Amino acid sequence: MPELPEVETVRRGLEPHLVGGRITRARTTRPDYVRHDATPRALLQGAEIASVTRLGKQLAIHASDGRVVCLHLGMSGQVLVQPRAQRVKLPTHAHVVWTVGGDAADGVRVVLRDPRRFGGVWTLTDEAALERHWAPLGPDALTCRAKVLTEALSGSRASIKARLLDQGVVAGIGNIYADEALFRARVHPLRPAGALGGAEYTALAGAIRSVLRAAIRRGGSTLRDFVHPDGSAGGFRARHAVYGRAGESCRRCGNPLVSGTIAQRTTVWCSTCQGVT
DNA sequence: CGGTACGCCTGAAGGC
DNA sequence: TGCCTTCAGGCGTACC
């Protein structure tokens, strides 16, 4: 469930605690959750943290010596910043725990928990390895332009909904924001992706950027699993126009929203505002 | 190419 | 109260 706005919210919550600090201890209790090398050193034990970046739904923690740890939260992944006190109990399903010291030593540990384990951690030896790891991803959805959509989708007969979920087209869109963006752009989710008009690609690119920006402003959407690093919930769910609102009335025209399965995902749309297939 | 199905995995929610 | 079923879904993979 964490999509781009949720992952960006995590990134922003993590940054002040990590950047400029040093990882004094890094441990995994579940080595199979960590790809390539699950040793403390690969998990940045002893490293100074230079930055925390994001592409689409993935996070990267960059050490000043060039090593990188990439996090993908899958659907139930949470990154929690907790006080380092002994008496604060680790949550269940805490797969990786980083203890932070150094200049940013405000006594925290960073915990990655992921009950469903659809996510994962990749330990990478340098920036080039991160580039290869991220090579299959399209440009970040926050900067999505009409040109990108036009080029990636021209000739495609798959539904626009299915193509928006493909991280190779544009990175960061999941089921929630695909539906929200299509509603904003007034495009039916079943429209063949390559058959949109120029104005529609422009509208869709704009809708993607605006809905993601609005969601980030609200701290993302909390349905069940997602929380901010401090444990608080995101506030964008109340602003959803379609996702989770099947049968309720369209905020634009008042007609009941309809739902169906498209690209193996529950999809909600307004058959009035989003026209015909 | 694209649609479809499945497996991975747990917990919340609803039905009885 | 408690058990059972269903659903949620990112992503890889197999298959038609």
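Numbered from 1 within each chain, the chains take letters A, B, ... in sequence-line order. None of these values were measured; they are calculated from a predicted model.
One finds the CG atom of L112(A) at 5.0 Å from the CH2 atom of W98(A) (value rounded to the nearest 0.5 Å).
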Exercise for review: May I have the step-by-step check of side-chain contact (heavy atoms from CB on, under 4.5 Å) for L164(A) and I208(A), ending in yes or no?
Suggested key: CA-CA 10 Å; L164(A) 287 182; I208(A) 289 167; 3.9 Å; yes
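For residues 262-273 of chain A, every residue pair satisfying the side-chain hydrogen bond (donor to acceptor under 3.5 Å, both in side chains) rule, not counting sequence neighbours, is listed here: K161(A)-T267(A), H188(A)-W269(A), N255(A)-T272(A). For residues 199-211 of chain A, the side-chain hydrogen bond (donor to acceptor under 3.5 Å, both in side chains) pairs, not counting sequence neighbours, are R184(A)-S210(A), R191(A)-E200(A).
Of all the residues in residues 152-160 of chain A, S156(A), R157(A), A158(A), S159(A) reach under 4.0 Å from DNA chain B with at least one non-hydrogen atom. Of the residues in residues 143-150 of chain A, not one places a heavy atom less than 4.0 Å from an atom of DNA chain B.
A straight line from CG of L190(A) to P of dT4(B) spans 10 Å, rounded to a whole angstrom. Rounded to whole Å, atom P of dT10(B) lies 10 Å from atom CG of D114(A).
The overall bend of the helix from dG2(B)-dC16(C) to dC16(B)-dG2(C), read as the angle between its terminal helix axes built from five base pairs each, is 50° when rounded to 10 degrees.
A salt bridge is absent between R12(A) and E15(A): the closest approach of a Lys/Arg side-chain nitrogen to an acidic carboxylate oxygen does not fall below 4.0 angstrom. With salt bridges taken as basic N to acidic carboxylate O contacts below 4.0 Å, one links D166(A) and R163(A).
The aromatic rings of Y33(A) and H95(A) sit tilted relative to each other, their planes meeting at an angle between 30° and 60°. Note: H72(A) and W122(A) have perpendicular aromatic rings, judged against thresholds of 30 and 60 degrees for the angle between ring planes.
At the phosphate of dG11(B), OP1 or OP2 sits under 4.0 Å from a side-chain N or O atom of H93(A). The side chain of R117(A) contributes no N or O atom lying less than 4.0 Å from OP1 or OP2 of dC8(B). Taking 4.0 angstrom as the limit, R116(A) places none of its side-chain polar atoms (N or O) nearer than this to OP1 or OP2 of dA8(C). Between T266(A) and dA8(C) there is a side-chain N or O to OP1 or OP2 distance below 4.0 Å.
Within 6.0 Å of CZ in R25(A) there are 12 or fewer heavy atoms belonging to other residues, nucleotides or ligands.
Residues H62(A) and L130(A) are in side-chain contact: their nearest non-hydrogen atoms beyond the backbone lie under 4.5 Å apart. Between T39(A) and V34(A) there is no side-chain heavy-atom pair separated by less than 4.5 Å. Here the side chains of P2(A) and V10(A) are not in contact, with every heavy-atom distance at 4.5 Å or above.
For the residue pair H93(A)/Q78(A), the side-chain donor-acceptor check at 3.5 Å is not satisfied.
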Could I get a table of every N or O pair under 3.5 Å where one atom is in the protein and the other is in nucleotides 11-16 of chain C?
unit_1: dC11(C); atom_1: OP1; unit_2: H72(A); atom_2: NE2; d: 2.5

